[in-house]
Colleague: 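Before we start, here is the structure in question, set down as structure tokens.
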Amino acid sequence: MFNILETKKMDGRLEMSGFTLERTVKLMKLSFSRILLMHPETDITVDQWVVINMLYKHNALSQQELGELCFKDAPTITRMIDLLVSKKLVSRTHDINDRRRFIIKLTDEGMSIYHYIFPLVREFRAEAYDGLSNEDLAHLDRTLNRIFENLSKQN
């Protein structure tokens, strides 16, 4: 158990770490959003990219699975899928085993967009991670996964 002085020190450190993490995530999203805006032919937002990327990695997902993987609630993921369907980047079909469920997949156009954007992602990350060693990145990944696991236990 922490005594009150240790708790204050720890709380200050944790508060700063949380702020640092939050501002970094927001700046990364804003910076990548600007990159996407420089490529108007893609007509994709960062959140739409996350959906496309998940579908590429998993091939096909139910709407619910996609929402969970992208950390979007049901109404939000439905709106995003509606928009991506209207852009002809994803298809939504009824699950043959359960007509109440939809299966979401990338279309050929969606695959093309993925292959166009992925190199931009790699370049963006290379610039963002400049000066960090592979060991630094591995440590960061372990640390962020630990925080994620800690929070997942609570939910």
Colleague: Just how far is it from atom CG of L37 to atom OG1 of T42, taken to the nearest 0.5 Å?
Modeller: 8.5 Å
Colleague: Do you know the tightest heavy-atom contact between Q48 and M80?
Modeller: N-CE, 3.8 Å
Colleague: Check the pair L66 / C70 against side chain to side chain contact (heavy atoms under 4.5 Å, CB included), numbers first and verdict last.
Modeller: CA-CA 6 Å; L66 186 57; C70 296; 3.9 Å; yes
Colleague: Side chain of N145, backbone of D141: donor and acceptor closer than 3.5 Å?
Modeller: yes
Colleague: So that I can tick it off, tell me whether D82 and R92 are bridged by a salt bridge, with the cut-off set at under 4.0 angstrom between side-chain N and carboxylate O.
Modeller: yes
Colleague: Stepwise, does the ring-ring contact (aromatic ring centres under 6.0 Å, His included) test hold for F124 with F118?
Modeller: CA-CA 10 Å; F124 168 69; F118 187 71; over 10 Å; no
Colleague: Quick check on E41: does its CD atom have over 12 non-hydrogen neighbours (other residues, nucleotides or ligands) under 6.0 Å away?
Modeller: yes
Colleague: May I have the step-by-step check of side chain to side chain contact (heavy atoms under 4.5 Å, CB included) for F102 and T93, ending in yes or no?
Modeller: CA-CA 5 Å; F102 289 104; T93 56; over 6 Å; no
Colleague: Once rounded to the nearest 0.5 Å, what's the spacing between atom OG of S133 and atom NE2 of H139?
Modeller: 10.5 Å
Colleague: Would the distance check show the side chain of T107 and the main-chain N or O of L89 forming a donor-acceptor pair, the cut-off being under 3.5 Å?
Modeller: yes
Colleague: Give, for atom CG of L55 and atom CD of E65, the distance between the pair rounded to the nearest 0.5 Å.
Modeller: 10.5 Å
Colleague: Going by an N to O cut-off under 4.0 Å, is there a salt bridge joining K88 and D108?
Modeller: no
Colleague: Identify, with sequence neighbours excluded, every residue that meets salt bridge (Lys or Arg N to Asp or Glu O under 4.0 Å) alongside E22.
Modeller: K26
Colleague: Say you draw a straight line from OG of S62 to CG of N97; how long is it, rounded to the nearest 0.5 Å?
Modeller: 12.0 Å
Colleague: If I take atom CE from residue M54 and atom CH2 from residue W49, how far apart are they, to the nearest 0.5 angstrom?
Modeller: 10.5 Å
Colleague: Counting only heavy atoms not in I96, do more than 12 sit closer than 6.0 Å to its CD1 atom?
Modeller: no
Colleague: Kindly compute the distance separating CG (L84) from CD (E109), expressed to the nearest 0.5 Å.
Modeller: 11.5 Å
Colleague: Check the surroundings of atom NZ in K87: do more than 12 heavy atoms from other residues, nucleotides or ligands lie under 6.0 Å from it?
Modeller: yes
